[in-house]
Every structure is written in C-alpha cells, then in structure tokens.
Amino acid sequence: MADELAGFDALGQAELLRRKQVSPLELVDAAITRIERLDAKLNAVILPAFERAREEARRLEGQTPSAERPFLGVPFLMKDLGGAEAGAPYHAGMRLLKEADYRESRDSHLVTKLRHAGFVSLGRTNTPELGLLPTSEPEAYGPTRNPWNLEHSSGGSSGGSSAAVSAGMVAAAHASDGGGSIRIPASHCGLVGLKPSRGRCSFGPLLGERWGGFSCELVLTRSVRDTAAILGAVAGAMPGDPYSAPPPVRPFAEEVRVDPGPLRVGVLAGPPREGVEVHPACAEGARLVGRALEDLGHAVEESHPGTFSDTEAVRSYVTVVACNTARALEVAGERVGRLTEAKDVEALTWALAQSGWQTSAAQYLATLESVHLLGRRTAQWWEQGFDLLVTPTAAEPPPPLGEMRSTAEEPVRGFLRAAPFGAFTSLFNQTGQPALSLPLHQTEEGLPIGVQLVAAMGREDLLLRMAAQLEARLPWSGRRPPLFA
C-alpha cells in the first residue's frame, strides 16, 4: 500500500482521506516506510520527526479534509531553512547549529498556515549552508542525491525537498527561493516549482523579508493543481508585514480550470548574458514550449527583457547576498551564545560574510536602489504588451555532485561554478515577479530539464492557467525516476 499511495499527488491523497479509503495514520505510516526505505540512498530527510508525526496523525483520526482544511492528514516535509517549527531542530545547513542542537521556540506564520491546511510534517530536509548554492551538499549533513541519477545533484537550496518529492516519499514539501532555490531543484528533479510574488507569503512573525526581499517560500510538487491549492492555503500577509502582493481575483486553486485566452509570449532560449553558455537540451526545452504555445494559439516571438545582460545586476545580487550572509552569521552566534568564527562555517560562507561586513551601510543602500531600478526597467518589457516570458530554468542539466565544492584556497569557487544555474532565475528574485519551473523536457540521458515561465508582478493566476494548459499538452505525470517508491 505504501508504494501505491506514492503515486497520488497531495490532493489525490486528500481525496482518499475524504472517501475514508485511508486514514491519516495510514498515510503517515506509509510515507515513513517509503522514507526509511529510500533515504539511505538519497540523504534527503536529515531531521526526521516520525513519532511526532504519528501523534499528530492520531489526533486527526476520524476527521476528513474540508474546504478550510483541504490537506488534513496529508504527509509533508519541511526544508531546514525557513519554515521554523516550534520545538523542532533548525540548522540551516550549518554545522554550528547542528552541534548546538539548536531548536526553534515558535512556529513561523507559514508553518501555522500549513498546519491549518492539515499537513502533517514528517521532519526536515537537507539544504546547503544558509541556502547559498544551487546544490545541497553541506558539510554538516553531506550531499543529497538525485533520484534520476544518484551521481548528480538534486539542486539547491531546496535539494532535500526536491529529491524527497521526486522519489515519491511525499507528494509535496516546503521550499524557499532566493535566487532560484525552488525552480532549480524543480528543474533538476522533474517537479513543479513556483516562486511566488514578493510579499505573497509572509515571513512573520520574526522577519519582514529575507535577502533584501529576494527570498520567498512555497513548495515543490508533482502537479500544477497541488501547487495552486497550496499557494491558496498559505498566501496572505500577517499584521505588520512590510509589504504584500495584490490579492487574487479568485482562489488560486480555481485558476487551473480557467482558460488563459490568447497570450503574447516572449521566448529566450539562448544565453541570457555574455559568458553564460546554454546546454543544447536546456535551450531546446524553451523552444519546445514556444512551439507548443504557438500550436495552442498564443502569439510567440523571440523577445526578452534587456536587463538579463545587465552585469551590474549580478554585482548587486552578490552584494545583497553577502551582506545578508554576514547578518546570518551574527544571528547564528546569538543563537549559540558566542561569536561565529571562520572554523564554524564553510569556506564560501565565511568569504561572503567577510565581503558583507566590509560593505558600508551607504553602499548597501545604493545597491538596493540599483535593484529597485532594475525591477522598474525589467517591468517595462511586460508593459510593452507581453504576458509571459519563457526561458530555460537553468543553463545546464543537473551537474555531477562535487562540482560546486569550495576550498580554503579557493573559497568562492563553488559560487562561481554556480553561475549558470541562476542565470535565468535570479533576475526575478530581484524584481520580485512570480516565476514557475515546469518539467517539460529531458536530456538524452534521461535527466530532467525544466522550463521557466515568468509573469508580471502579482500574476500567479496567469502562470497557473498556462501551466495547467501545458500540463495537459505535454503531460509529465507518467514519468518516474529510476529511484521511486
């Protein structure tokens, strides 16, 4: 039964619960069985909380999903970066916090909403230290492997979650995205990954934003309808948030049944800027989607925002990340009761923090002004009458493990090697626009290739409509990695 349940998406599992064909405890036990069988090969679930999950499932016995709690009893996993759970470990990929056995004291607003929706957390998933790389290979916990090929990366920074969902351990898992960390793992593992608009989901109650507004949180799933329904369950500001995205016209879950109508679509398949080479399979994925959209009646042309080639945008991105890394090390020190030192963190983390500490307040503010101007310039492309942009999600397929490893002698080596993986994604973390990766292509070797769709600020509705149309046109639900429950 455990293997049979793995084939259902989250809404499908909820429907089984609604029909009383399975109980919350049976669903949870089946997911735990799958994790125990598969995770020795994947290393995706680093902080299991199985007994806590079973206790929660027992409390839910006799209840069924409803409109208010659509996922009541459905197993879920939390990424160990963001998504704080009261009493649960929180290490953010850091050996320092792991050795201190640091635990959170309260739930984040997002976790409160996920619990209200009915999800049952089975534990926390692997992530690179502080989410700094598009691969999940922290020194603290070791590498997470891709279920499509165990020698390759599952992506980052939500690589533990992507491997777990792709392998069928759970139907959906928490993820976050500061430069592509939802979309890149989705691309590498054959999943649906939506980066919502800035302010769509709250970072409360302790934070107003992360990474200067670049970061956001949502999920990784195997179906567009799951992504839409979960977005609807967790979206919305809490009192005191510094900003919020415009409210949707209708529930996001309904958008998957809405015809998008004829749209004007720009396609960028080639290099987004000088110095970035695009793998042929990644470029072909974008072109394939462009052809499919033409067949569906949309107006498709080669066009994209000119800001992709803005080298100042890359420098601005690195400055914001470096300054936020410096602050993250200060917070980690506060949590363990002493200053964070170089020996406590990975070489890349320390190098970025050093750069952040050397940046003046005035320089940081000037950088944010540059980022805001970049957002306005990028938005002009949509103002010219375009509805959507199509690009590869990443410029390369899933890389072999170890390629982004840094050393004390070359501390930023991994960061430089990571550049092709964020070349199409990080711009939209800076602008705050919603962007979605769909599993629409693959390499000759069978590794997944994602294609990114980008909409104007606040237009997740349009992304979900188009994603549902492409899911029907180029279905992926029958694809399974070699390592699947």
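Being a predicted model, the structure only gives us computed values, none of them experimental. All values below come from the heavy atoms of this structure, side chains included, with hydrogens, waters and symmetry mates left out.
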Next on the checklist: Just by distance, no angles: are the side chains of W350 and T325 close enough, under 3.5 Å, to form a donor-acceptor pair?
Outcome noted: no
Next on the checklist: Distance check, rounded to the nearest 0.5 Å: D241 atom CG versus S202 atom OG?
Outcome noted: 3.5 Å
Next on the checklist: Looking only at side-chain N and O atoms, does T378 offer a donor or acceptor that is under 3.5 Å from a partner on T307?
Outcome noted: yes
Item to check | Side chains of D80 and T127, donor plus acceptor under 3.5 Å | outcome: no
Next on the checklist: Is the distance from the ring center of F214 to that of F428 below 6.0 Å?
Outcome noted: no
Next on the checklist: Run T367 and S316 through side-chain hydrogen bond (donor to acceptor under 3.5 Å, both in side chains) and show every step you take.
Outcome noted: CA-CA 6 Å; T367 299; S316 296; 5.3 Å; no
Next on the checklist: So, taking the atom named CG in L436 and the one named CG in L388, what distance separates them when rounded to the nearest 0.5 Å?
Outcome noted: 10.0 Å
Next on the checklist: Do the side chains of E99 and K343 get close enough for a salt bridge, i.e. N-O under 4.0 angstrom?
Outcome noted: no
Checklist outcome for this item: Taken in chain and number order and not counting sequence neighbours, the residues that satisfy side chain to side chain donor-acceptor pair (under 3.5 Å) with E403 are R417
Item to check | Distance, nearest 0.5 Å, that separates NZ of K195 from SG of C216 | outcome: 4.5 Å
Next on the checklist: So, taking the atom named CZ in R183 and the one named OG in S426, what distance separates them when rounded to the nearest 0.5 Å?
Outcome noted: 8.0 Å
Checklist entry - Are any of the side-chain nitrogens in R115 or D107 under 4.0 Å away from the carboxylate oxygens of its partner? => result yes
Next on the checklist: I'd like to know if the side chain of W357 pairs up with that of E330 as donor and acceptor (distance under 3.5 Å, no hydrogens or angles considered).
Outcome noted: yes
Checklist entry - When you look at CG of L339, are more than 12 heavy atoms from neighbouring residues, nucleotides or ligands closer to it than 6.0 Å? => result no
Checklist entry - Considering all heavy atoms of both residues, which atom of P448 and which atom of P398 are nearest to each other, and what is their separation? => result O-CD, 3.6 Å
Checklist entry - Would you say the side-chain atoms of E255 pair up with the backbone N or O of R465, donor to acceptor, closer than 3.5 Å? => result no
Checklist entry - So do the side chains of I230 and F119 get within less than 4.5 Å of each other, counting heavy atoms only? => result yes
Next on the checklist: Set out, in order, the CA-CA distance, both residues' side-chain angles and the distance that settles side-chain hydrogen bond (donor to acceptor under 3.5 Å, both in side chains) for S154 and N146, then state yes or no.
Outcome noted: CA-CA 4 Å; S154 62; N146 192 321; over 6 Å; no
Checklist entry - In terms of side-chain geometry, is the basic nitrogen of R377 or D310 positioned less than 4.0 Å from the acidic oxygen of its partner? => result yes
Checklist entry - Under the 3.5 angstrom rule, does the side chain of E217 hit a backbone N or O of G83 as a donor-acceptor pair? => result yes
Checklist entry - Closest heavy-atom contact between Q358 and Q363? => result O-OE1, 4.0 Å
Next on the checklist: Within the 4.5 Å heavy-atom criterion, are M94 and V345 side-chain neighbours or not?
Outcome noted: yes
Item to check | Any residue meeting ring pair (Phe, Tyr, Trp, His ring centres under 6.0 Å) with F252, in chain and number order, not counting sequence neighbours | outcome: none
Checklist entry - Do the side-chain N and O atoms of E85 and Y90 include a donor-acceptor pair separated by under 3.5 angstrom? => result no
Next on the checklist: Could you measure the distance from the CG atom of L453 to the CG atom of L389? Nearest 0.5 Å is fine.
Outcome noted: 8.0 Å
Item to check | Intermediate values then yes/no, side chain to side chain contact (heavy atoms under 4.5 Å, CB included), L218 and I182 | outcome: CA-CA 8 Å; L218 196 58; I182 290 175; 4.2 Å; yes
Next on the checklist: Assess the residue pair R225 and D9 against the criterion (salt bridge (charged side-chain N to carboxylate O under 4.0 Å, His left out)); give the C-alpha distance rounded to whole Å, side-chain angles, the decisive distance to 0.1 Å, and a yes or no.
Outcome noted: CA-CA 9 Å; R225 69 173 192 165; D9 66 1; 2.8 Å; yes
Next on the checklist: I'd like to know if the side chain of S158 reaches the main chain of S176, judged simply by a donor and an acceptor atom lying under 3.5 Å from each other, with no hydrogens or angles considered.
Outcome noted: yes
Next on the checklist: We want to know whether E284 and H441 form a side-chain donor-acceptor pair, criterion being a heavy-atom distance below 3.5 angstrom.
Outcome noted: no
Checklist entry - So, K79 versus S157: side-chain donor-acceptor pair below 3.5 Å or not? => result yes
Checklist entry - So, T221 versus T227: side-chain donor-acceptor pair below 3.5 Å or not? => result yes
Checklist entry - Between R222 and D226, is the closest basic N to carboxylate O distance under 4.0 Å? => result no
Item to check | Ion pair check, R264 and E301, cut-off under 4.0 Å | outcome: yes
Checklist entry - Which atoms form the tightest heavy-atom contact between A286 and T391, and what is the distance? => result CB-C, 3.9 Å
Next on the checklist: Set out, in order, the CA-CA distance, both residues' side-chain angles and the distance that settles side-chain hydrogen bond (donor to acceptor under 3.5 Å, both in side chains) for T393 and S437, then state yes or no.
Outcome noted: CA-CA 6 Å; T393 301; S437 181; 2.8 Å; yes
Checklist entry - How many angstroms lie between OG1 in T349 and CD in Q354, if you round to the nearest 0.5 Å? => result 12.0 Å
Checklist entry - Is the shortest distance from a Lys or Arg side-chain nitrogen in K41 or D39 to a carboxylate oxygen in the other one below 4.0 Å? => result no
Item to check | Verdict with reasoning, R210 to F203, per side chain to side chain contact (heavy atoms under 4.5 Å, CB included) | outcome: CA-CA 8 Å; R210 288 205 320 234; F203 279 118; 3.5 Å; yes
Checklist outcome for this item: Tightest non-hydrogen contact, residues E460 and S197, listed as OE2-N, 2.7 Å
Checklist entry - If we ignore angles and hydrogens, is there a donor and acceptor under 3.5 Å between the side chains of N429 and D177? => result yes
Item to check | Minimum heavy-atom distance P397-F421, with the two atoms named | outcome: O-CE2, 3.5 Å
Checklist entry - Would E137 and L401 satisfy side chain to side chain contact (heavy atoms under 4.5 Å, CB included), going step by step from the backbone distance to the final call? => result CA-CA 8 Å; E137 305 177 50; L401 290 166; 3.6 Å; yes
Checklist entry - Taking it one step at a time, do E302 and L268 satisfy side chain to side chain contact (heavy atoms under 4.5 Å, CB included)? => result CA-CA 6 Å; E302 291 186 7; L268 169 62; over 6 Å; no
Next on the checklist: Using modelled atom types and a 3.5 Å cut-off, is there a donor and acceptor pairing between side-chain atoms of T340 and backbone atoms of A332?
Outcome noted: no
Checklist outcome for this item: Which of R338, R335, E129, H91 passes side chain to side chain contact (heavy atoms under 4.5 Å, CB included) with L96? It is R338
Checklist entry - How far apart are the closest heavy atoms of F386 and V265, and which atoms are they? => result CD2-C, 4.0 Å
